Undergrad: 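If you scroll down you'll find the structure; I have some questions about it.
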Amino acid sequence: MKLLHVIASCNPDGGGPVEGVLRLHEAFEAAGHSSEMLTLDRPDDPWVSDCPMPVHAKGAPAPDGSGPLASLRRWARRSPEAVNWLADNLASYDGVIVDGLWNYATRAARLVLPGSGIPYVVFPHGMLDPWFREQYPLKDAVKRVLWRVNEGPLMHAATAGAFTCERELELARGTWKPWGVRGEIVGYGTSVPPFAPGQVEAFRKLVPEIGERPYLLFMSRLHPKKGCEILLDAFEATLDQHDYALVMAGPGDDDYRQALLSRQSARRAGERIAWPGMLQGDAKWGALQGCEAMALISHQENFGVIVAEALACSRPVVISDQVNIAPEIVRARAGIVCATDVDGAAAAIREIASLEASERDAMGERGRKLFEQQFEIVAVAARLIELLSIEARAAK
């Protein structure tokens with residue numbers, strides 16, 4: 001099959017959704033299929049040429065100006081060219097996967113895909129979670145209108161709404177009315193890591209400030225949703241119970257990153273915290289392989305690709321109970337799940353630090369088995385192909 005992903009951007013700073021598309025691309029290719037992306041990026045954006053899969057970048061220049069209206073226009077990223085391109089080229093694809101909601105890429109999909117005869121699925125990637133309604137009430141008011149005129153009709157007409165786990169589907173079904181979506185649990189995950197000699201050393205070179213200390217690893221966007229402050233405060237509260245360093249790896253808004261740095265600079269934990277920025281390639285996999293545990297104390301996390309990547313590297317995870325795959329982690333005894341607060345996170349850090357190295361390694365091995373059984377991307381790709389193929393045969 002020849003597949004098209006419709007997604008806002010292929011910029012790797014966008015985190016989970018585009019990372020998932022890239023891993024699916026690899027799995028599709030391995031199974032004899034091909035895939036491409038339609039995005040709202042500009043053709044000259046550097047990440048477009050760097051992307052390892054074909055990208056049709058049809059975005060419009062970002063509008064100038066300041067104030068709420070200009071901000072809304074930049075958020076919407078309206079691009080008639082994307083709509084026209086999709087309408088003109090849709091027939092050359094056997095199926096479409098719409099990744100994410102609440103952007104003009106989904107508007108293009110809504111205008112072209114329903115009634116086209118081309119099967120398509122919509123991957124919300126957690127964007128229907130009620131957490132966002134509570135945190136951003138003004139945006140939620142806009143989204144409730146969009147649900148009735150754009151996102152809802154797009155999903156109602158889809159072959160399926162693709163959800164990563166039962167919890168994500170239940171939260172979405174109970175929040176967005178009218179529902180009327182054929183929800184399918186397709187799972188999510190990542191590829192088997194490209195292990196190679198020297199990866200741990202490649203990472204250690206980027207964090208000389210922590211020396212040879214054992215470390216806990218945060219690897220995600222630096223964003224308030226990710227519970228960064230909770231993790232930092234919990235680490236500070238437990239300094240006397242372990243000799244760990246903390247690595248805070250990931251991209252983020254400059255102002256927020258600076259606020260985190262300033263917040264820690266005057267505290268005891270500051271000298272034991274490293275901020276290497278976004279890690280890629282050997283350094284990324286070395287960081288995961290070498291950590292004592294990967295920590296993600298998110299306020300909301302639909303899946304957490306980084307959690308699956310840590311499991312694939314046979315490392316334990318310390319995650320909040322708001323990460324939707326937390327029940328699977330508990331059942332597999334692959335890590336520690338805590339409340340989304342400083343006390344809960346501190347208790348989890350103390351627990352992971354109190355384990356013998358052999359016990360942490362055994363926890364990591366259980367995580368590896370969980371990854372192989374549920375979170376390897378090959379199975380997700382096969383399920384998507386099955387859904388799209390069944391619909392394509394029915395259309396004929």
Side-chain angles (χ1 to χ4, degrees), residues 15-16 19-20 23 26-27 126 164-168 185-196 199-200 203 214-220 226-227 231 234 242 244 246-247 249-250 279 282-298 301-340 344-345 347-381:
E19 175 69 16
R23 300 293 77 79
E26 295 170 351
T164 61
C165 59
E166 188 64 39
R167 183 176 179 182
E168 182 196 5
I185 308 300
V186 301
Y188 206 52
T190 189
S191 305
V192 175
F195 296 123
Q199 290 177 331
V200 173
F203 163 70
Y215 61 92
L216 299 175
L217 175 66
F218 169 93
M219 188 185 291
S220 191
K226 302 292 183 176
L231 180 57
H242 58 74
Y244 291 169
L246 173 64
V247 175
L279 298 176
D282 284 348
K284 170 184 172 177
W285 297 113
L288 282 165
Q289 291 172 64
C291 70
E292 300 302 306
M294 195 287 300
L296 186 66
I297 317 297
S298 289
E301 199 73 44
N302 174 55
F303 180 85
V305 171
I306 189 60
V307 178
E309 290 176 332
L311 299 176
C313 291
S314 301
R315 301 318 301 150
V317 296
V318 176
I319 62 174
S320 76
D321 55 11
Q322 298 307 302
V323 178
N324 280 352
I325 60 170
E328 285 86 346
I329 299 299
V330 171
R331 284 194 293 270
R333 295 185 297 131
I336 299 169
V337 174
C338 64
T340 316
I349 292 173
R350 292 188 188 98
E351 183 175 348
I352 203 75
S354 71
L355 298 176
E356 297 290 337
S358 60
E359 293 175 308
R360 281 193 297 275
D361 289 344
M363 187 177 282
E365 286 305 312
R366 292 192 292 270
R368 173 72 183 193
K369 290 179 181 177
L370 174 63
F371 165 77
E372 292 171 347
Q373 293 166 359
Q374 296 190 39
F375 301 144
E376 191 170 350
I377 202 69
V378 171
V380 181

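The basis for the numbers below is simple: all heavy atoms, side chains too, and nothing from hydrogens, waters or symmetry mates. These figures come from a predicted structure and were not determined experimentally.
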Undergrad: Report yes if some heavy atom in the side chain of Val318 is under 4.5 Å from a heavy atom in the side chain of Leu216; otherwise report no.
TA: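 Not in contact.
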Undergrad: What pairs with Arg333 under side chain to side chain contact (heavy atoms under 4.5 Å, CB included), at least two apart in sequence or on another chain?
TA: Arg366
Undergrad: With heavy-atom distances below 4.5 Å as the criterion, would you say the side chains of Phe195 and Gln289 are in contact?
TA: yes
Undergrad: Can you tell me how far the CD atom of Glu168 sits from the CD1 atom of Ile185, to the nearest 0.5 Å?
TA: 7.5 Å
Undergrad: Apply side-chain contact (heavy atoms from CB on, under 4.5 Å) to Ile306 and Val317, showing your working.
TA: CA-CA 10 Å; Ile306 189 60; Val317 296; over 6 Å; no
Undergrad: Taking side chain as C-beta onward, heavy atoms only, is His242 less than 4.5 Å from Arg350?
TA: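 His242 does not reach Arg350 side chain to side chain.
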Undergrad: How close do Ile329 and Ile319 get, counting heavy atoms only, and between which atoms?
TA: CG1-CD1, 3.7 Å
Undergrad: Looking only at non-hydrogen atoms, find the nearest pair between Ala326 and Ser320 and report the distance.
TA: CB-O, 3.9 Å
Undergrad: Search all heavy atoms of Lys284 against all heavy atoms of Leu279 and return the closest pair with its distance.
TA: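 Result for this residue pair: CB-O, 3.6 Å.
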Undergrad: To the nearest 0.5 Å, what is the distance between CZ (Arg315) and CG (Leu288)?
TA: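 Answer rounded to 0.5 Å: 10.0 Å.
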Undergrad: Do any N or O atoms from the side chain of Glu359 and from the backbone of Leu355 form a donor-acceptor pair under 3.5 angstrom?
TA: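 Answer holds: no.
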Undergrad: If I compare all heavy atoms of Cys338 with all of Gly344, which pair ends up nearest, and what's the gap?
TA: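 Shortest heavy-atom separation between Cys338 and Gly344 comes out as CB-O, 3.4 Å.
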Undergrad: Under the criterion salt bridge (Lys or Arg N to Asp or Glu O under 4.0 Å), I'd like the reasoning laid out for Glu365 against Lys369: C-alpha separation, chi angles, the key distance, then a yes or no.
TA: CA-CA 6 Å; Glu365 286 305 312; Lys369 290 179 181 177; over 6 Å; no
Undergrad: Side-chain contact test, heavy atoms from C-beta onward, threshold under 4.5 Å: evaluate it for Leu231 versus Ile349 and give yes or no.
TA: yes
Undergrad: Under 3.5 Å, side-chain donor or acceptor atoms of residues 371-381 against the rest of the protein: list the pairs with distances, not counting sequence neighbours.
TA:
residue: Glu372; atom: OE2; partner: Arg368; partner atom: NE; Å: 3.1

Undergrad: Looking at OG of Ser354 and CZ of Arg360, how far apart are the two atoms once the value is rounded to the nearest 0.5 Å?
TA: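 The OG atom of Ser354 sits 8.5 Å away from the CZ atom of Arg360.
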Undergrad: State the CZ-CG distance between Arg167 and Asn324, to the nearest 0.5 angstrom.
TA: 5.0 Å
Undergrad: Does the side-chain contact (heavy atoms from CB on, under 4.5 Å) test come out yes or no for Thr164 and Asn302, once each step is laid out?
TA: CA-CA 8 Å; Thr164 61; Asn302 174 55; 3.6 Å; yes
Undergrad: Could you measure the distance from the OG1 atom of Thr340 to the CD1 atom of Ile297? Nearest 0.5 Å is fine.
TA: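 Between Thr340 OG1 and Ile297 CD1, I get 7.5 Å after rounding to 0.5 Å.
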Undergrad: Is it true that a side-chain atom of Tyr188 and a backbone atom of Ala308 form a donor plus acceptor pair closer than 3.5 Å?
TA: no
Undergrad: Indicate yes or no for a side-chain donor-acceptor contact from Gln322 to the backbone of Ser298 under 3.5 Å, with no hydrogens or angles considered.
TA: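 Side chain of Gln322 to backbone of Ser298, a donor-acceptor pair under 3.5 Å: no, none is there.
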Undergrad: Does Tyr244 use its side chain to pair, donor to acceptor, with the backbone of Pro214 at less than 3.5 Å?
TA: no
Undergrad: Below 4.5 Å, heavy atoms only, C-beta onward: do Pro316 and Ile352 meet side chain to side chain?
TA: yes
Undergrad: How many angstroms lie between CG in Leu217 and SG in Cys291, if you round to the nearest 0.5 Å?
TA: 5.0 Å
Undergrad: Would you indicate whether the side-chain heavy atoms of Glu309 and Glu19 approach each other to under 4.5 Å?
TA: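 Contact flag for Glu19/Glu309 side chains = yes.
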Undergrad: For Cys313 and Trp285, work out which heavy atoms get closest and say how close.
TA: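 Minimum heavy-atom separation between Cys313 and Trp285: SG-CE3, 3.8 Å.
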Undergrad: So which atom in Ala334 and which in Met363 form the shortest heavy-atom distance, rounded to 0.1 Å?
TA: C-CG, 3.4 Å
Undergrad: After noting the C-alpha distance and the side-chain angles of Phe218 and Leu296, does the key distance pass the side-chain contact (heavy atoms from CB on, under 4.5 Å) rule?
TA: CA-CA 6 Å; Phe218 169 93; Leu296 186 66; 3.9 Å; yes
Undergrad: If you define the side chain from C-beta out and look only at heavy atoms, does anything of Cys165 sit under 4.5 Å from Phe303?
TA: no
Undergrad: Keeping Gln199 on the side-chain end and Pro194 on the backbone end, is there a donor-acceptor pair under 3.5 Å?
TA: yes
Undergrad: Just grab all the ring-ring contact (aromatic ring centres under 6.0 Å, His included) pairs involving residues 310-329, residues at least two apart or on different chains.
TA: none
